[in-house]
Structure formats: C-alpha cells, structure tokens
Amino acid sequence: MNRHLRYQIGIAFAPLLLILPVYAAQAPNGSTALLAVLETSDLHSNVVGYDYYKLAPDASIGFDRTATLIRQARKEFANTLLLDNGDTIQGTAFADYQALVKPPGCDQVLGIYKIMNALGYEGGTVGNHEFNYGLPFLNQITGSSFKVKDVQPQARPCAGPDFPIVLANIHSLQTNQPLFAPYKIIDKKIVATGKDGKRVESTVKVGIIGFTPPEIMSWDKRWLEGRVTPVDIRASAERYIPEMRKKGAELVVVLGHSGLDDAAYSPKMEHTNWHLAKVPGVDVVLMGHSHQLFPNKDSSVPQFNLPGVDKVRGLVHGVPAVMPSQWGKHLGVVQLHLKSDGKRWTVEQDKTVVEARSTQTAPKTFVEPDAQVTALVRAEHEATIAYVKTPVGRSAFRMTTYFADVGDPSALEVVNRAQAEYVGKYVQANLPQYAKLPVLSVTAPFKAGFPTVADYTDVPAGDLALNNAADLYLFPNSLYAVKVDGAGLKAWLETAAGRFNTIDPSKSEAQELVNARFPSFNFDTITSPDVRYEIDVTRAPGDRIRKLSYQGKPVDASQEFLVATNNYRASGGGGFPGLDGSNVVLASPDNNRDILIDYIRNAKELGRKAQGSARSWRFAPVKTAGPVVFHSAPDLVGLAQEAGIDNVSQLQADDGSGKGTALYAVDLSK
C-alpha cells in the first residue's frame, strides 16, 4: 500500500483533517492563534494496554489510551501539532516479535507506525532504543535510505511512517552526513482569530530538530561501530537552528531524547536538554529518555530541581518543556499562544501553558482505549500472545524479584547459570588461551517496582513459556564476556552496591535502604556458590564490598576472571569502571534471552537447589537503632522465607506511595 493511500485511510481517524480550506501563509497584523504541541515519548512499543509477560490486560499503560488523550486534545484545540520523541519501536514482546520473529515485509508498516500514521503524526525523532535491532531493520521500518556499511541499497524506500523523522547528531561514516534529515520545516495550517474577531486561516512554519544520546555508540556498539558516529549535540543545534530560521521557521521545536543535567557541557553527556534550552532560537523543548514526568510540582527528581528549571510551570531557562513519562501513560501538551505582525508568527511566552495529561483519571480508573487504534494492530497483538505462550520447560519454584534488593537470587540465578555455561563452553571450544580462567556471570533485577507494584518479575512454579523467559530477561541484549582482574571485579561490585543508601546505625528513625535514583538494572549481582562477598551499607559508596572470596579464598587484586554479561554493560553502559569495550573477549551474536531459553529447554525442569539458591552476597551485619526499610509488593514475607530471606518483616501493607507497594523492614544484624 503506498503512502498516499495510507494517508487517506488515516484521515478516517482524524475527522478534523477533512476540512481542507485554502490557507494564507501570512495572517493580518494583530491576529492571534493557539497552537497545542502534543508529545508522546518512550512509548516502547506498548501499543495496547497489555502485559505480555503476565498475559493480562494492564490499563495503566498503552498507546491505545494515549490515542484517546490525543483525540480529546484535538477536540479541545483547533490547532494541534503531534510529535513523537523516540524510544518507539522497542520495549515489549510485541516489538521483539515484529523485529526478531516475524519482521514486516518491505511493503508493510511496523505496527506502532500504523497507529501513528492513522493518528496523523506530523514528525518524530529516534531514541537510543531505536538502534537495538540494528541499522538494516531501522532503515527498513522507517522507510529510509541509509548510506552506511551493511545496509543494502534499495531501488526505493520501504513502507514506513507518513511523517518526517529528524535526527541531527548521528552521522554516517560513509558519507559524513546525518543518518536522518537533521531537521524539517513543517508548513502547519492553523485557524486564527483576526484583530476584528473573525476567523483567519493561515500557515505557521514550524521547524523540528532531533537529538539522541551519544552513548548509543556504547550501548549498541555491535550494530553501530564502524558505521555511524555521534557529533556534538550543542554544536549541531547552534549550526542548524539559525539555518532553520533563515529558511523561514517561525517556531523551533527541539525533540531532545534526553533529560536535564546542569553539569559542564560535554559532547559525550547523556542528558543535554538543560543546555539545549539555552541555545538562541529554541521555542519548545520536548524531552524524554529518563521516563519521568514534567512538569510536576511534587517531583523530587534531581534533574527537575536544577537552577533555571521551573517544575511547576514546565520551563527550562524560560523555554517551555515537557516530558510525558513512559509507556503511553501521559501526553505532553504545550499550549503556544501565537501573535502575527502581518509578516510572521511569534510566541507570546507569558501566556504559555505546559502540562502532561495522564491516562489515569482516578485511582484505578483510566480513560477508555481507542477501539480503532486497537483494531489496527489486532493481528500483530494476537500473534504476539500466541508466540509468547510457546512452552520451553518447567520450574519447581517461583522466581521473583520482590526481594532481590535484600538478597533473593530466585529470578537471577537461572540467568547467571545460563550465561556462565554458554561462555564456559564457548571458551573451551574456541578460546583456549582463556580456558583456565574462572567463569563468573552477573545479571540484575531488571524489574524492581518502578514505576508501580506491577513492575516486578514474577514467574510462578509450573510450566515455563517464552513470556516467562522475557520476564526473567527483559532486554534484547547480546551476551558478552569480559576479562577482569580481582581489583576490577571488586570495582564492578562496588558500583553495583550504589543501589543502596548509606545507613547510619545510630539513627532511631526509619532509613530507606534502596537509593531510588539508582536503577535496578545497574544492580549487577553474582549468584555463584564459588563467590562470597558482603555489602556494608554503613560505609560510603565505593567502599562497601567486604570479604570478597572465590572458592573460599580471598580474591587477589591481580587474579583474573572471565565475566559473562551483556553488550550494554561490557561496552560502557551504566558507567562501570573498566568496562568500556576494551576488555571484551567474547561478543556473542546470540541474544541473552535466547541463551536463557536454550538453557531452560536443556534443563527441562528448574529446581531451587540447582537454579535458585546460590546467594553470593549478604549485608555486612550491623545493629541499627531504628528500622531500615524498603518497599515491595504486600503480604509476601512467606515468599521471602521460602527463598531463605529470614530477616525481613512487613511493617505496613500499604506504604502510602500510591504505587500499591508495602513497607518492609530488613534486620541488618541477621
């Protein structure tokens, strides 16, 4: 189906677009208009409100409900501009099915882009996760013509989104030009009000420009090295924005797939929007990547409490900015009041209103999903469900991450065993120079209660299917192995121990154990009967690992190990010392999740003793004057005890956070 025909079909989903008057480029002097810029970001292919890991509907997420907010906004505002800020095509089993199991043909549109086309999106950028499936796939599904190594040239672009995708800071090494168009100027037709109060039809030229974190070169090194290169984000903005203005852009919207950071600017920094908001000529900054909500007057997130950031009004250095959290939970709305001098439109900044509208209308109540959107991807959705139900084995015990922060290895050990076994066999067969080195493995509790109580891995005892494996290993990473010495291993574990706050034993008031700003996916854990160590949370981060031993002997600083991990970590993801890609000895083409599935198939049945009880670390014992608390799903003390965690107790079944979690205490003296 050609793009023109798809566009016509999409018209049915946006009745307002059926009115096609003749527009004048210039409105009379004194004319005013309200343009609402609508943003989605970090949808992560949550196309419908459904949890493919639990095989159950989930009303708290889903593009189908965001679509309802979009339609509501279009009824409210005569003029809207709908844009997407990236991390769109990856993140669920739905996405993996379309990318890895049954990719669309060249003439087929990716499921989430079908929805965006129908909703009439007018522009977008790419996030870091767009690169997870490689450049050939990204080239195809975006309808691009990349000139990069390993992307085969095509007679014509494949089917893709009906809107421009812009990205200014990633260049092809082959051409030294941007991989995507760096910016686009959109002739946006609007309805305005003349000085005399009469309706005026006009056009405003809106320039959009996109940026993504340069760390993609580490996070997806296997796909990107030797093919593309990042260029300076701020310098790109300073180059292109004046060019956009010169070409007639009356408004400039930055699609910055990042958050805010007021550290001294560096071309390698991950969160650049604080600096981009300072670039002359920027009218709006659309943010994302860090999965937060902005504006939000109650937010305690450090990036929203920086100088120049107004978390109540949604301003960064006076520039309106919005971040609509993640997974379709919110729609960013920036109401721009425009005024014409007869030659061009400008923004009346003092009238700007910024908000992030939620799909949740009351406790446990959400807007209805858009039935037309759901129908668009029904076939792909049902095929994904059938796919993830494919059986692979059995487990005699329940594998969860509810108590991973206090030492439960039940959902981690099977991953580590699968990774270590794979690396051990590969080394013996192909890398004899490393055959005598001990093989260890690390993994992390990818799901640990953020943002709600639903965000935990919970695989019940019984039959195991592909969806359970996806729950145990969330991301489509590839297995890597690195060589580290004892000092490097300790430094690795020290960084992971940043998951915990520093506890003062003398305090009588309750102290939070877990540092909520430290992502659980960076809490790398060894689960091996050969390794033992303690984490002393009374000491400052970087000085917490005690009694690190291997096979009963203290680990020497020069002792060498091979450690199985993933491409993200081995290539520098998370900023772990010594992990920058230089010490990789195995860059496997195999996916960590597929390796886990093969391990389960071969094992046939998992048992707690063999695959769920090797607890390598414990807290260094210390008696505290007051309780040390953490949060998890309610009424699960029995589950902790089954896993050998006998020092936790539930204090409150509802901790009052609104996340559905309970308040627990951990006795560090035991």
Would a 4.5 Å heavy-atom cut-off, applied to side chains only, mark [X] and [Y] as touching?
{"X": "Tyr133", "Y": "Ile141", "answer": "no"}
{"X": "Leu179", "Y": "Leu135", "answer": "yes"}
{"X": "Val148", "Y": "Leu173", "answer": "no"}

Taking [Y]'s backbone N and O only, do any of them form a donor-acceptor pair with [X]'s side chain (distance below 3.5 Å, no angle check)?
{"X": "Ser258", "Y": "Thr272", "result": "yes"}
{"X": "Arg234", "Y": "Leu276", "result": "no"}
{"X": "Tyr121", "Y": "Phe163", "result": "no"}
{"X": "Gln90", "Y": "Ala95", "result": "no"}

I'd like to know if the side chain of [X] pairs up with that of [Y] as donor and acceptor (distance under 3.5 Å, no hydrogens or angles considered).
{"X": "Asn132", "Y": "Asp220", "answer": "yes"}
{"X": "Ser299", "Y": "Gln292", "answer": "no"}
{"X": "Asn139", "Y": "Ser144", "answer": "no"}
{"X": "Tyr265", "Y": "Asp232", "answer": "yes"}
{"X": "Lys311", "Y": "Asn305", "answer": "yes"}
{"X": "Asp162", "Y": "Tyr113", "answer": "no"}

Check the angle between the aromatic planes of Trp219 and Tyr568 and answer parallel, tilted or perpendicular using the 30° and 60° thresholds.
->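 Rings of Trp219 and Tyr568: tilted, 30 to 60°.
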Does a side-chain N-to-carboxylate-O contact under 4.0 Å join Asp262 and Lys278?
->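 Here Asp262 does not pair with Lys278 in a salt bridge, since their nearest N and O are not under 4.0 Å apart.
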Between Lys205 and Asp187, does at least one N-O distance fall below 4.0 Å, as a salt bridge requires?
->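 Yes, charged N to carboxylate O under 4.0 Å.
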Test side-chain hydrogen bond (donor to acceptor under 3.5 Å, both in side chains) applied to Ser290 and His271, Gln303, Gln326, the passing residue |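 Option passing the side-chain hydrogen bond (donor to acceptor under 3.5 Å, both in side chains) with Ser290: Gln303.
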What residue pairs, at least two apart or across chains, pass salt bridge (Lys or Arg N to Asp or Glu O under 4.0 Å) with a residue in residues 136-152?
->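 Qualifying pairs: Asp150-Arg227.
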For Lys221, does the NZ atom sit with more than 12 other heavy atoms under 6.0 Å from it, leaving out its own atoms?
->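 Yes, the 6.0 Å shell around NZ holds more than 12 heavy atoms from other groups.
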Atom NZ of Lys659 with >12 non-hydrogen neighbours under 6.0 angstrom =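 For Lys659, atom NZ is crowded (more than 12 foreign heavy atoms under 6.0 Å).
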